[in-house]
Amino acid sequence: MAQGELIATEHEDWRHFLRKALGNRSFLAGATITLFVVAVALVSFVWTPYDVTKLVIADRLQAPSSAHWFGTDHFGRDILSMTMVGSRNSIAVALIAVGIGMALGVPLGTFAAARRGLTDEVLMRASDIVFAFPALLSAVMITAIFGPGAVNAIIAIGIFNVPVFARVARGAALALWPREFILAARASGKGAGLITLQHILPNIANLLLVQGTIQFSLGILAEAGLSYVGLGTQPPAPSWGRMLFEAQTMMAIAPHMAIVPGLAIIVTVLGLNLLGDGLRDVLDPRLRRQR
Amino acid sequence: MLSYALRRSLIVLITLVAASAIVFAVLEIVPGDPARLMLGMNATEDAVQALRQQMGLDQSVAVRYVAWIGGMLTGDFGRSYTYAVPVIDLVRERLVVSLPLAAMALVLSTAIAIPVGVFSAARRGTAADTGVMAATQLGIAIPNFWFAILLVYLFAITLRLVPAGGFPGWQGGVWPALSALILPAIALALPQAAILSRVTRSALLDVLGEDYIRTARAKGLPSGLVLRRHALRNALIPVLTILGLQFSFLLAGTIIIENVFYLPGLGRLVFQAITQRDLIVVESVVVLLVATVVIVNFLVDLAYAWADPRLRRR
Amino acid sequence: MSEPVLDIEGLSLAIGRHRILKGVDLTVHAGEIVGLVGESGSGKSMTAHAVMRLLPHAASVTGSIRFAGNDLLAADETRMCDLRGDEIGMVFQEPMTALNPVKTIGEQVAEGIRLHRRVGRAEAEDRTRAMLDRVGLPESRFPLSRYPHELSGGQRQRVVIAIACALHPRLLIADEPTTALDVVLQAQILDLLRSLVAEDDMGLILISHDLGVVADMADRITILREGAVQEAGETAKVLTEQRHPYTRQLAEASTHVPAWSNAGTPPNGDRPLLEVIDVSRHFRGHRTGLFSRGEAVRAVDGVTFSIASGHSVALVGQSGCGKSTLARMVLALDKPTAGAIRFDGMPISSLGESALQPARREMQVVFQDPYGSFDPRKKIGHSVAEPLHLSERRLTRPERRERIAAALLEVGMQPDDARKYPHEFSGGQRQRLAIARAIITRPKLVVADEPVSALDVSIRAQILDLFARLNDDLGLAFLFITHDLTVARAITHDVMVMDHGKIVETGRTGEVLDNPQDEVTRRLIAAAPDLERAIAKRMAR
């Protein structure tokens with residue numbers, strides 16, 4: 001298709017999308033929260049209220065005050081600043097893990113759907129096997145071999161995402177293949193690869209986008225869990241999970257240390273889930289189809 | 001039905017063999033010699049060699065894999081490098097904590113989620129439905145270990161109703177042991193219940209749009225009966241799928257939650273084994289957990305066939 | 001005449017600002033069949049749902065519906081539950097989805113009996129057995145423990161009818177009860193409904209888009225258009241006098257035969273374009289054990305025929321006879337288990353995808369569902385131009401645009417339509433666009449799988465005209481797959497009748513249809529609804 005036509009298509013789609021999106025409360029709330037979290041992460045690169053690498057023992061375990069809005073930890077570090085910097089890690093780990101899942105899972109899933117038969121069976125059984133390892137368990141194994149760290153957390157969560165995207169892509173593609181417009185494309189001599197590119201992928205993109213936001217939020221939770229048990233991001237780099245681990249030991253004397261990082265996780269995950277729900281409603285072809 | 005079950009169990013078997021081979025292969029490439037690890041850096045080369053022979057480490061990979069699997073099937077998981085006791089004893093000791101915990105959490109989350117989902121679907125669009133759905137949205141976003149920390153702070157540190165952590169063992173009576181598991185089970189169950197109730201609600205709403213629901217109404221069934229007799233069982237199919245998947249999340253969650261409450265379960269065992277590089281323990285526990293996930297999903301598959309007669313003939 | 005069972009007066013219905021029914025009047029007496037006819041969107045289903053009070057929540061209704069002394073619009077939900085399934089039964093269009101897949105047919109029929117009559121399980125089961133027997137599902141072959149998926153579409157529709165009639169309702173509403181079935185099953189279900197009406201002396205509202213069906217069945221007829229009654233009265237009178245212009249329009253469209261100059265004499269001599277030689281297609285049987293399978297299904301079983309260039313040929317048969325499988329093999333979308341297919345001299349059944357390209361260029365397809373045949377995310381221009389992928393050389397952009405515009409004009413659409421999306425067009429327009437796609441490469445053969453059966457009668461007439469013109473102007477050969485004999489008669493030179501994977505009769509369309517030799521053909525012809533025949537029969541009474 002010609003370049004000019006393609007842009008016109010997207011332009012029209014965008015306007016339609018925006019009109020519906022702005023009328024959807026879930027989408028609006030989710031998008032606002034997600035943008036806010038991303039903005040905070042970006043700001044933390046250039047500015048935080050305090051330096052998170054500097055330990056000020058004299059200021060340790062302070063309750064929230066005007067100087068330290070969310071108080072300080074047992075090393076006297078500002079919790080607000082640490083939470084801001086911690087968001088980078090969470091977002092980076094979860095985002096890359098979703099990227100790995102999509103980059104490997106979507107081609108595998110669409111390939112399985114296009115080939116059917118033995119290829120499909122083998123790929124799906126393989127995904128069953130990966131599914132049998134809970135994300136945390138594969139993280140445990142990976143850390144047992146390579147040692148703990150953010151990169152290994154990414155790999156562990158990413159591996160778990162691969163069969164998820166493979167199944168979603170396959171399921172949706174399988175439903176499309178018997179459709180008449182695909183048969184028409186086949187009767188036009190187009191091969192499975194070209195049909196997947198031109199017809200299957202554009203029609204399952206919405207579904208993948210929605211699944212992407214869900215896996216993103218699961219990734220944030222998983223990264224926090226891994227860091228909490230010491231398998232994810234390693235100190236001194238601040239991370240939400242690690243902060244909660246440290247807060248737990250101080251729970252009796254400084255409960256404020258647990259509140260903010262926990263809320264940060266909840267807000268981020270809530271934002272992404274709302275965004276996903278909103279997207280699903282806005283993009284749902286069942287609502288869009290006009291009869 | 002029988003052939004369906006047989007075919008599924010064949011697939012389960014293949015999955016288990018493949019998964020165990022992966023675990024074995026992965027730990028095979030880990031650097032470090034277990035014999036040297038057990039004896040320490042000062043041991044003589046002769047002593048290390050002797051131990052290697054005794055542990056069977058001098059044999060080929062294939063022989064050791066078969067021996068390992070064979071051992072597992074007969075209950076011989078090998079000996080822990082660090083504790084110097086049979087792994088099966090360690091596992092058995094920890095299983096009596098992890099298993100009741102996972103079971104309690106699963107029962108609790110299902111018992112909460114299904115009534116909540118049905119309630120919400122039956123009152124679709126009302127304030128009650130919106131409120132419940134907002135609560136579940138929040139429930140999904142809460143990390144279970146953070147929720148656990150708050151529970152400890154509230155019920156153990158502030159109110160002193162239950163112990164903050166640790167496990168007294170079952171020999172001291174059922175109640176003390178159960179009370180040590182209550183908070184961890186709640187922490188595990190609530191976020192799962194939030195997901196499951198959303199799935200139940202949306203599955204029910206999907207089913208309520210089907211043609212056969214209209215047929216049932218045209219028959220004169222009041223809406224309550226339509227929901228109970230016709231919608232619920234059909235909606236159960238997607239709910240079962242999620243329940244199977246959740247079990248895997250629940251096991252993973254147990255590993256973390258045991259750390260919050262200092263419970264001597266399988267999760268703690270794995271972590272200790274990793275730090276001490278006690279690979280035979282890691283290997284055994286991982287395979288055991290994977291096998292549990294696979295078998296639970298097999299049971300879910302069988303439950304499908306019970307719920308949906310269309311699957312029985314395949 | 002006695003008091004009517006159902007009396008609808010001035011029924012209006014709106015959802016939001018959208019007015020769906022505008023003052024509909026309708027009466028039904030005991031033992032009477034009333035036909036409610038209209039094209040899609042005319043509001044005929046909504047009228048039925050209003051009687052059952054199974055409307056969407058947002059609907060606002062005015063007017064009155066009186067049923068056997070009850071004011072239905074004023075009745076509360078408890079009262080309606082008592083009436084539904086007891087005094088008023090309903091049968092729906094889609095038998096494949098109308099039954100609960102996880103309950104046995106026995107449970108589903110007995111449920112209403114137990115609910116309304118408060119009888120025990122044993123008695124309810126006895127009555128269920130008797131009812132299923134009445135609708136033609138005797139217990140010896142269809143025990144109560146059967147699940148819906150074990151039955152065919154026609155059998156499932158019988159179960160739905162058993163549910164609706166189990167308690168001898170005074171009124172039965174049948175909403176397009178046979179539209180999803182083929183003509184032979186349709187005739188059987190209509191016979192069943194007719195006998196139930198006579199035996200139980202109930203009133204029947206038969207909703208249909210098919211004037212032929214209604215003319216055959218209904219004592220009185222009401223014609224709806226855009227939510228308003230156009231004409232109502234005795235069936236024979238309304239359809240013979242055709243006083244209202246819309247009635248005339250519908251009747252003409254139903255019996256429309258396109259002006260087709262090639263009708264008598266096919267052009268272009270006798271060179272065979274398509275040769276199908278002893279072709280079979282078997283599918284693996286269902287699994288019956290761990291390693292065993294049931295017998296293979298012979299969907300197509302040793303079929304031989306040929307189509308000369310410029311000829312229009314119909315392939316007719318009941319659903320499940322193998323005609324669509326055969327069409328897919330002709331289109332090289334599926335490979336035969338045995339036999340060979342030659343197109344324009346090329347052995348297409350044994351060629352690989354790249355070697356098939358020249359053949360594909362000469363052979364295109366039109367499908368049944370005008371909604372499913374376009375990618376909803378692609379502009380019409382992209383979809384219509386898709387077969388240009390087969391061109392020997394890459395076309396320049398102006399060339400492509402010119403070809404698209406020419407194809408669109410050929411089918412009566414505008415070149416500008418290429419820039420729109422599929423959802424901006426109606427069903428009939430989409431079917432034109434699908435034809436534009438099929439002819440853009442100037443093929444020699446177009447395979448059309450039930451190309452008009454999803455369309456309203458007036459649109460259908462226009463599409464048949466278009467096919468006739470394309471045969472006249474371009475010398476296109478057609479293979480029409482259809483269960484509808486009027487389509488075959490209107491637009492084909494030759495007809496092939498297929499049954500259980502075999503071709504049982506072939507010949508000139510007119511000769512075969514007027515003088516059928518095979519039992520299968522005779523059954524098809526007898527079952528096909530025919531407006532003129534039905535009116536004649538009604539006049540003779």
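Chain identifiers are assigned alphabetically (A, B, ...) following the order of the sequence lines, protein sequences preceding nucleic acid strands; residue numbering begins at 1 within each chain.
Closest of all the heavy-atom pairs between A/A258 and B/I149 is CB-CG2, 4.4 Å. What you find for A/I266 and B/L138 is that their closest heavy atoms are CG2-CD1, 4.0 Å. Residues B/P143 and A/I265 approach most closely at CG-CG2, 3.5 Å, considering heavy atoms. When all heavy atoms of A/F131 and B/V293 are compared, the closest pair comes out as O-CG1, 4.4 Å.
Between B/V23 and A/F133, some side-chain heavy-atom pair lies under the 4.5 Å cut-off. Residues A/V229 and B/F145 fail the side-chain proximity criterion, which asks for heavy atoms closer than 4.5 Å. Put simply, the side chain of A/D277 reaches to within 4.5 Å of the side chain of B/R198, judged on heavy atoms.
Here CD1 of A/I129 is found 8.5 Å from CD1 of B/I14. Values are rounded to the nearest 0.5 Å. A/D128 contributes atom CG, which lies 8.0 Å from atom CG of B/N297 (distance to the nearest 0.5 angstrom). Of the inter-residue distances, the one linking A/I259 atom CD1 with B/W146 atom CH2 reads 5.5 Å to the nearest 0.5 angstrom.
In this structure, chain A has heavy atoms under 4.5 Å from both the backbone and the side chain of B/V290. In this structure, no portion of B/V152 lies under 4.5 Å from any heavy atom of chain A. Residue A/L272 does not touch chain B at all, counting heavy-atom pairs closer than 4.5 Å. With a 4.5 angstrom heavy-atom cutoff, B/I157 touches chain A only via side-chain atoms. For B/R268, no part lies near chain A; criterion is any non-hydrogen pair under 4.5 Å. For B/F147, no part lies near chain A; criterion is any non-hydrogen pair under 4.5 Å.
The number of heavy atoms from other shown groups lying within 6.0 Å of CZ (A/R116) does not exceed 12. Other residues, nucleotides and ligands place more than 12 heavy atoms under 6.0 Å from the OH atom of B/Y304.
With B/Q137 contributing its side chain and A/L274 its backbone, the two residues share no donor-acceptor pair below 3.5 Å.
Ranking A/P255, A/P261, A/S217, A/A126 against chain B, the residue ahead of the rest is A/P255, based on heavy-atom pairs under 4.5 Å. The greatest number of non-hydrogen atom pairs below 4.5 Å with chain A, out of B/V294, B/I142, B/N144, is found for B/I142. By number of non-hydrogen pairs under 4.5 angstrom with chain B, the leading residue of A/L244, A/I220, A/L221 is A/L244. Residue with the most contacts toward chain A among B/I140, B/V260, B/V296, B/L289: B/V260 (heavy-atom pairs, distance under 4.5 Å).
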